[in-house]
Engineer: 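Below you'll find the structure I mean.
In what follows, residues are counted from 1 in the order of the sequence shown. Bear in mind that the values here come from a model prediction, so they are computed numbers and not experimental data.
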Amino acid sequence: MGKVFASNPLSLNVPDPAFESWLRDSGYLEILDTATTTSATAVTTASTKETATATTITHSLLHYLYTFISLLTVNPFAKLTADDFSAKTPSWTREFIGALGSYSFPSSPHTLKLRVHENVKRYARNYASLFILFFACSLYQMPLALVGLISSLALWDFFKFCSDKWNWDRYPVIRQVLVRIAQCATLVVLMLLNVQMALFCALAISYIVMILHAAFRKLSPSKHPSRIR
């Protein structure tokens with residue numbers, strides 16, 4: 001039993017980033033999430049059976065706290081691309097929300113980072129829809145902000161109408177001056193009517209919902225490519 005398996009000279013040592021990239025391209029990235037979660041659960045169960053001292057409980061709490069705090073160091077948009085917004089919107093009930101067993105506490109900061117990056121890419125359109133919904137609710141709660149937004153849109157629509165009617169394109173200098181004046185007027189209207197507060201509230205709420213959902217949502221299996229026989 002003291003002898004371990006001999007190393008196979010034909011085996012390949014694949015770096016972790018390359019292996020994760022291969023799993024992502026193949027549609028099996030959830031294997032990493034399942035493996036790390038299962039191993040962490042097994043270690044926790046074994047340590048609990050051996051001893052249930054206050055030190056073990058404190059160590060577990062500190063580990064969970066450290067993992068949760070690592071959310072502050074994760075950039076959720078690091079792997080987000082424009083193509084993610086052109087993909088099909090995942091189902092809200094079956095894929096985005098999922099069942100109760102679709103959520104668990106990440107076993108490590110690495111698993112948390114992996115979940116956040118992949119879930120933000122996968123559910124980018126869902127998160128964008130939630131931001132629009134939160135922004136609409138903020139405007140509903142702040143009628144002056146809604147008036148300011150409509151006024152700004154009406155101002156630029158009036159500017160376009162005047163530009164087409166009097167053909168301001170023939171006078172680029174005058175047109176540029178008028179554009180700057182319209183921009184300043186728009187900024188004043190938005191600031192006075194607190195549109196920026198509605199936008200900030202929508203951004204803050206949608207970001208919190210996105211980061212928590214992406215961190216606790218397990219990596220569900222994606223559509224695996226069909227194998228050629």
Engineer: Looking only at non-hydrogen atoms, find the nearest pair between T89 and W92 and report the distance.
Structural biologist: CG2-NE1, 4.4 Å

Engineer: State yes or no: do L178 and W166 share one hydrophobic cluster built from I, L, V, M, F, W and Y residues joined by side-chain heavy-atom distances below 4.5 Å, directly or via other members?
Structural biologist: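 Yes; tracing contacts between hydrophobic side chains, which count when under 4.5 Å, links both residues.
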
Engineer: Which residues pass the side-chain contact (heavy atoms from CB on, under 4.5 Å) test with N194, not counting sequence neighbours?
Structural biologist: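 Once residues adjacent in sequence are excluded, the partners of N194 under the side-chain contact (heavy atoms from CB on, under 4.5 Å) criterion are M142, Q196, M197.
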
Engineer: If you measure from CG on L190 to CG on L149, what distance do you get to the nearest 0.5 Å?
Structural biologist: 7.0 Å

Engineer: Distance from I205 atom CD1 to Y207 atom OH, nearest 0.5 Å?
Structural biologist: 15.0 Å

Engineer: Less than 4.5 Å apart, any side-chain heavy atom of V120 and any of Y127?
Structural biologist: yes

Engineer: Could you check whether any side-chain N or O of K121 sits under 3.5 Å from a backbone N or O of K79, counting only pairs where one atom can act as donor and the other as acceptor?
Structural biologist: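 It does hold such a pair.
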
Engineer: In Å and rounded to the nearest 0.5 Å, what is the CE to OG1 distance from M191 to T186?
Structural biologist: 13.0 Å

Engineer: Between the side chain of H63 and the main-chain N/O of S107, is any donor-acceptor distance below 3.5 Å?
Structural biologist: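 Judged by distance alone, yes, a pair lies under 3.5 Å.
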
Engineer: Can you list every pair that meets salt bridge (charged side-chain N to carboxylate O under 4.0 Å, His left out) and has a residue in residues 173-197, with sequence neighbours left out?
Structural biologist: D169-R175

Engineer: Go through it in stages, so that I can follow the logic: the residues are S70 and T67, the test is side-chain hydrogen bond (donor to acceptor under 3.5 Å, both in side chains), and I'd like the CA-CA distance, side-chain angles, deciding distance and then a yes or no.
Structural biologist: CA-CA 5 Å; S70 64; T67 302; 5.5 Å; no

Engineer: Please evaluate residues T81 and D84 with respect to the criterion side-chain hydrogen bond (donor to acceptor under 3.5 Å, both in side chains), reporting the C-alpha separation (whole Å), side-chain torsions for both, the decisive distance (0.1 Å), and the verdict.
Structural biologist: CA-CA 6 Å; T81 61; D84 298 324; 3.3 Å; yes

Engineer: Taking atom CZ as the centre, does F77 end up with more than 12 heavy-atom neighbours from other residues, nucleotides or ligands that are less than 6.0 angstrom away?
Structural biologist: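 Yes - once you tally the heavy atoms of other residues, nucleotides and ligands closer than 6.0 Å, there are more than 12.
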
Engineer: side-chain hydrogen bond (donor to acceptor under 3.5 Å, both in side chains) with S86: which residues, sequence neighbours excluded?
Structural biologist: none

Engineer: Where is the tightest heavy-atom contact between P90 and N126, given as atom of each residue plus distance?
Structural biologist: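 The pair with the smallest heavy-atom distance is CD-OD1, 3.0 Å.
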
Engineer: Which residues pass the side-chain contact (heavy atoms from CB on, under 4.5 Å) test with A78, not counting sequence neighbours?
Structural biologist: N75, H117

Engineer: To the nearest 0.5 Å, how far apart are CG in L130 and CE in M210?
Structural biologist: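 Here the rounded value is 10.5 Å.
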
Engineer: Quick check on the hydrophobic clustering: are L62 and F105 connected, directly or via other members, by side-chain heavy-atom contacts under 4.5 Å?
Structural biologist: no

Engineer: Write out all pairs satisfying ring-ring contact (aromatic ring centres under 6.0 Å, His included) with one or both partners inside residues 145-165, taking only residues at least two apart or from two chains.
Structural biologist: W156-F159, F159-W168

Engineer: Report the residues that fulfil side-chain hydrogen bond (donor to acceptor under 3.5 Å, both in side chains) with S151, sequence neighbours left out, ordered by chain and then residue number.
Structural biologist: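 With sequence neighbours excluded, S151 shows a side-chain hydrogen bond (donor to acceptor under 3.5 Å, both in side chains) to no residue whatsoever.
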
Engineer: Once salt bridge (Lys or Arg N to Asp or Glu O under 4.0 Å) is applied, do any residues pair with D164, and if so which ones, sequence neighbours excluded?
Structural biologist: K160

Engineer: Using side-chain contact (heavy atoms from CB on, under 4.5 Å) as the criterion, list what pairs up with I97, not counting sequence neighbours.
Structural biologist: Y103

Engineer: V209 and F85: same hydrophobic cluster, using ILVMFWY side-chain contacts below 4.5 Å?
Structural biologist: yes

Engineer: Under 4.5 Å between side-chain heavy atoms, hopping through other hydrophobics if needed: is there a path connecting L193 to I150?
Structural biologist: no

Engineer: Please check if V74 and Y64 belong to a single hydrophobic cluster, counting links between Ile, Leu, Val, Met, Phe, Trp and Tyr side chain heavy atoms closer than 4.5 Å.
Structural biologist: yes

Engineer: Just to verify, what does F135 make a ring pair (Phe, Tyr, Trp, His ring centres under 6.0 Å) with, not counting sequence neighbours?
Structural biologist: none

Engineer: Looking at every heavy atom in both S138 and A202, which two are closest together, and how far apart are they?
Structural biologist: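 Here S138 and A202 meet closest at OG-N, 4.0 Å.
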
Engineer: Applying side-chain contact (heavy atoms from CB on, under 4.5 Å), can you list everything that pairs with L71, at least two apart in sequence or on another chain?
Structural biologist: F68, L112, V116, I211, L212, A215

Engineer: Got a donor-acceptor contact below 3.5 angstrom from the K218 side chain to the G101 backbone?
Structural biologist: yes

Engineer: Taking the side chain as C-beta and beyond, is there a heavy-atom pair between F96 and R217 under 4.5 Å?
Structural biologist: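 Result no, sub-4.5 Å side-chain heavy-atom pair not found.
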
Engineer: What are the two closest non-hydrogen atoms of A145 and V195, and how far apart are they?
Structural biologist: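 Heavy atoms only, the tightest pair is O-CG2, 3.3 Å.
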
Engineer: Would you give the length of the straight line joining atom OG of S129 to atom CZ of F134, rounded to the nearest 0.5 angstrom?
Structural biologist: 11.0 Å

Engineer: Could you list the residues that satisfy salt bridge (Lys or Arg N to Asp or Glu O under 4.0 Å) with D157, not counting sequence neighbours?
Structural biologist: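 Scan of D157 (salt bridge (Lys or Arg N to Asp or Glu O under 4.0 Å), adjacent residues dropped) gives none.
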
Engineer: Ignoring hydrogens, what is the shortest heavy-atom contact between Y66 and P109? Give both atom names and the distance.
Structural biologist: CE2-CG, 3.4 Å

Engineer: Under the 3.5 angstrom rule, does the side chain of R115 hit a backbone N or O of A214 as a donor-acceptor pair?
Structural biologist: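 No, the answer is negative, given that no donor and acceptor are paired below the 3.5 Å cut-off.
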
Engineer: For L80 and A124, which heavy atoms make the closest approach, and how far apart are they?
Structural biologist: CD1-CB, 3.8 Å

Engineer: Holding to ring pair (Phe, Tyr, Trp, His ring centres under 6.0 Å), I want the full list of residues that pass it with F131, two or more places apart in sequence or in another chain.
Structural biologist: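 F131 satisfies ring pair (Phe, Tyr, Trp, His ring centres under 6.0 Å) with no residue once adjacent residues are dropped.
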
